[in-house]
Each structure stands twice: as structure tokens, then as C-alpha cells.
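Only a predicted model underlies this, so the values are computations on that prediction, with no experimental measurement involved. Because only heavy atoms are used, hydrogens play no part in the values below, and waters and symmetry mates are left out as well, while side chains stay in.
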Amino acid sequence: QVQLVESGGGLVQPGGSLRLSCAASVDISRVFMSWYRQAPGKQREMVAEITTFSRTSYEDSVKGRFFISRDNSKNTVYLQMNSLKPEDTAVYYCHMSQTYWGQGTQVTVSS
């Protein structure tokens, strides 16, 4: 059974940084990985994605601030989030192979 466990969320001031981690229970070296987020009252949206060749793409509002990476030796995907804004507040979810979801980790950006 595939399990995805996110960690690294929390409360941070505007302008701060956080690094989210997503640890998978299976080999991720041949799978497409992504991060989504869902803010209260809004639909879940893609934030960043990374192919098996480590090609990346980002939602427009996070370009230049968020960076997705993968460490296949640890079956882990990361989301480095810099220059955080209050509008980045959401539950962030790891997504694997466009099929499996993690339980989510809360990110709150507030002074």
C-alpha cells in the first residue's frame, strides 16, 4: 500500500521560508510527483511538479519563490518555499503518479 507522509508545515511570518518533505513508502524514481495546496473555501490547486528526469513546473503565483526537488535515494520529494505570503496559507498535499495523496500539512503565513 502506498503511503505518502508530509512534514515541515507550520506557522511562519510573511517573508519567511519553510521546507516541506514528502516521504513515500515506495520507490519513487520512476514516478511523477507534485505538490498541491488547498486554502479554506477554495479548490485544490497544483503548486509544483517534477518529472522522473527532474524537469519542474510551477503555478504562476509561486514561480521564483518555490522550488520542488526529489531525492530518489530517500524516496522523498521536497518543496522549498521562500518569500512566503499570507495568500500561501493552505494545506499542502503531496501527490504521486497523479493517483495517490498524502494527508496534508498545514502552512500558515501570518504576522
Side-chain angles (χ1 to χ4, degrees):
Q1 184 176 357
V2 175
Q3 289 188 322
L4 301 173
V5 180
E6 300 102 331
S7 61
L11 174 63
V12 63
Q13 291 187 342
S17 297
L18 284 174
R19 189 177 81 153
L20 305 183
S21 299
C22 169
S25 61
V26 296
D27 181 2
I28 69 166
S29 62
R30 294 183 176 84
V31 300
F32 183 91
M33 301 293 296
S34 52
W35 285 96
Y36 280 68
R37 68 184 178 187
Q38 187 167 20
K42 294 188 177 182
Q43 288 190 332
R44 194 172 294 190
E45 63 175 359
M46 189 279 291
V47 175
E49 52 193 20
I50 185 166
T51 72
T52 56
F53 299 103
S54 292
R55 182 167 294 179
T56 60
S57 59
Y58 299 92
E59 192 270 329
D60 284 347
S61 70
V62 308
K63 285 180 180 177
R65 300 189 298 122
F66 290 13
F67 301 94
I68 188 172
S69 61
R70 63 195 299 156
D71 185 339
N72 292 335
S73 69
K74 296 180 180 179
N75 293 323
T76 299
V77 176
Y78 304 97
L79 184 67
Q80 178 67 42
M81 305 186 295
N82 302 324
S83 302
L84 282 160
K85 304 175 181 180
E87 51 264 42
D88 295 319
T89 295
V91 178
Y92 283 71
Y93 297 91
C94 182
H95 192 32
M96 188 179 84
S97 291
Q98 299 173 307
T99 302
Y100 302 100
W101 293 95
Q103 82 288 350
T105 185
Q106 176 70 47
V107 172
T108 302
V109 184
S110 175
S111 55

- Whether over 12 other heavy atoms sit under 6.0 Å from Gln43 CD: no

Do side-chain atoms of [X] reach the backbone of [Y] as a donor and acceptor pair under 3.5 angstrom?
| X | Y | value |
| --- | --- | --- |
| Thr89 | Val109 | yes |
| Glu6 | Cys94 | yes |
| Ser83 | Arg65 | no |
| Ser110 | Thr108 | no |
| Arg70 | Thr51 | yes |
| His95 | Tyr100 | yes |

Can you tell me how far apart [atom1] ([X]) and [atom2] ([Y]) are? Round to the nearest 0.5 Å.
| X | Y | atom1 | atom2 | value |
| --- | --- | --- | --- | --- |
| Ser34 | Trp101 | OG | CH2 | 6.5 Å |
| Arg37 | Asp88 | CZ | CG | 5.0 Å |
| Ser73 | Asp27 | OG | CG | 10.5 Å |

- With Ile28, the side chain to side chain contact (heavy atoms under 4.5 Å, CB included) member among Thr52, Val2, Asn72: Asn72

- When you look at Trp35 and Val77, which way does the side chain to side chain contact (heavy atoms under 4.5 Å, CB included) test go after all the steps? CA-CA 9 Å; Trp35 285 96; Val77 176; 3.5 Å; yes

- Query: Transitively linked via ILVMFWY side-chain contacts under 4.5 Å: Tyr78 with Val12?
  - Reply: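 Tyr78 and Val12: separate clusters.
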
- Message: Does anything in residues 89-103 form a salt bridge (charged side-chain N to carboxylate O under 4.0 Å, His left out)? List the pairs, not counting sequence neighbours.
- Response: none

- Message: Check for me whether Arg44 meets the cation-pi criterion with Tyr36, that is, NZ or CZ under 6.0 Å from the six-membered ring centre and within 45 degrees of the ring axis.
- Response: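 No cation-pi geometry.
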
